[in-house]
Amino acid sequence: MKVLSSFLNSLHLDPSYCLLSVYGVTLVLHYYRSMDIRTDMTMDDVQFEVFLKSVTDLSSEKVYRVFDMLDVDCSGVIDFDGFYLLVCILVSIKDGMEKQFISCHSRTLFDLLDRDADGNISVKEFERFGFLFNLTKGAIKEIFKEFDVSGDEILDYNEFQMFIMACVDKQKEIEAQRSHIKEWLQMTLCTLL
Ligand SMILES: [Ca+2]
Ligand SMILES: [Ca+2]
């Protein structure tokens with residue numbers, strides 16, 4: 001999923017808590033209110049589709065999957081809390097902070113992914129929403145192979161947390177490799193010039 005939006009470009013997450021600043025929350029609230037034509041602090045599926053399609057490249061089918069995920073009480077509307085969470089997810093993707101975001105909000109995300117609320121995440125549940133964090137079907141299968149320690153083809157919360165820690169470690173490994181390459185390039189350039 002790609003995030004393309006001038007509104008979201010102006011927002012960034014706090015690196016420690018992976019949440020928006022007070023100023024950011026105010027901006028999001030203002031934006032949410034500007035779309036709230038019924039002035040009842042709710043957003044229906046049509047408004048939601050217009051918003052999400054204007055800031056991402058998601059298909060209508062995937063937009064409705066996200067809507068279902070955030071509409072936890074099946075009321076047919078998204079309240080401000082759900083919208084705020086969605087904006088934080090989108091900002092984390094825009095800034096390449098998906099893994100840190102998953103790590104900071106693991107319990108919330110686990111509960112959202114666990115659609116049937118049985119306390120476990122199945123491959124099907126993961127595949128349904130994995131696209132949000134740019135996890136492909138192949139990557140999800142690998143995750144299950146590696147982290148389904150009990151071998152019951154579902155991830156409980158402990159297994160899910162192990163997966164998150166591995167993702168964070170992988171992210172750090174990639175960042176360390178990038179900084180080594182940068183240092184090496186700078187040193188090589190200095191000796192050549
Ligand atoms: Ca489940
Ligand atoms: Ca398991």
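Read the numbers this way: they start at 1 and go in the same order the structure lists the ligands and their atoms. Along the sequence shown, residues are numbered consecutively beginning with 1.
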Between E125 and R128, does at least one N-O distance fall below 4.0 Å, as a salt bridge requires?
no
By atom name, which N, O or S atom of D116 is the nearest to the Ca ion (ligand 1)?
OD1
For the Ca ion (ligand 1), give me the closest N/O/S atom belonging to D114, just the atom name.
OD1
Contacts of type side chain to side chain contact (heavy atoms under 4.5 Å, CB included), residue I154, not counting sequence neighbours
N120, S122, D152
Can any side-chain N or O of Q47 pair as donor or acceptor with the backbone N or O of D44 at less than 3.5 Å?
yes
May I ask you to list the protein N, O or S atoms found at less than 3.0 Å from the Ca ion (ligand 2)?
D148 OD1, S150 OG, D152 OD1, I154 O, E159 OE1, E159 OE2
Please name the atom of D118, restricted to N, O or S, that is closest to the Ca ion (ligand 1).
OD1
In a check of ring pair (Phe, Tyr, Trp, His ring centres under 6.0 Å) between Y32 and each of F51, F48, F7, F80, which one passes?
F80
R107 NZ/CZ over Y157 ring centroid, <6.0 Å and within 45° of normal
yes
R115 and D68 ion-paired at < 4.0 Å:
no
Report yes if the side chains of L86 and L52 come closer than 4.5 Å at any heavy-atom pair, otherwise no.
yes
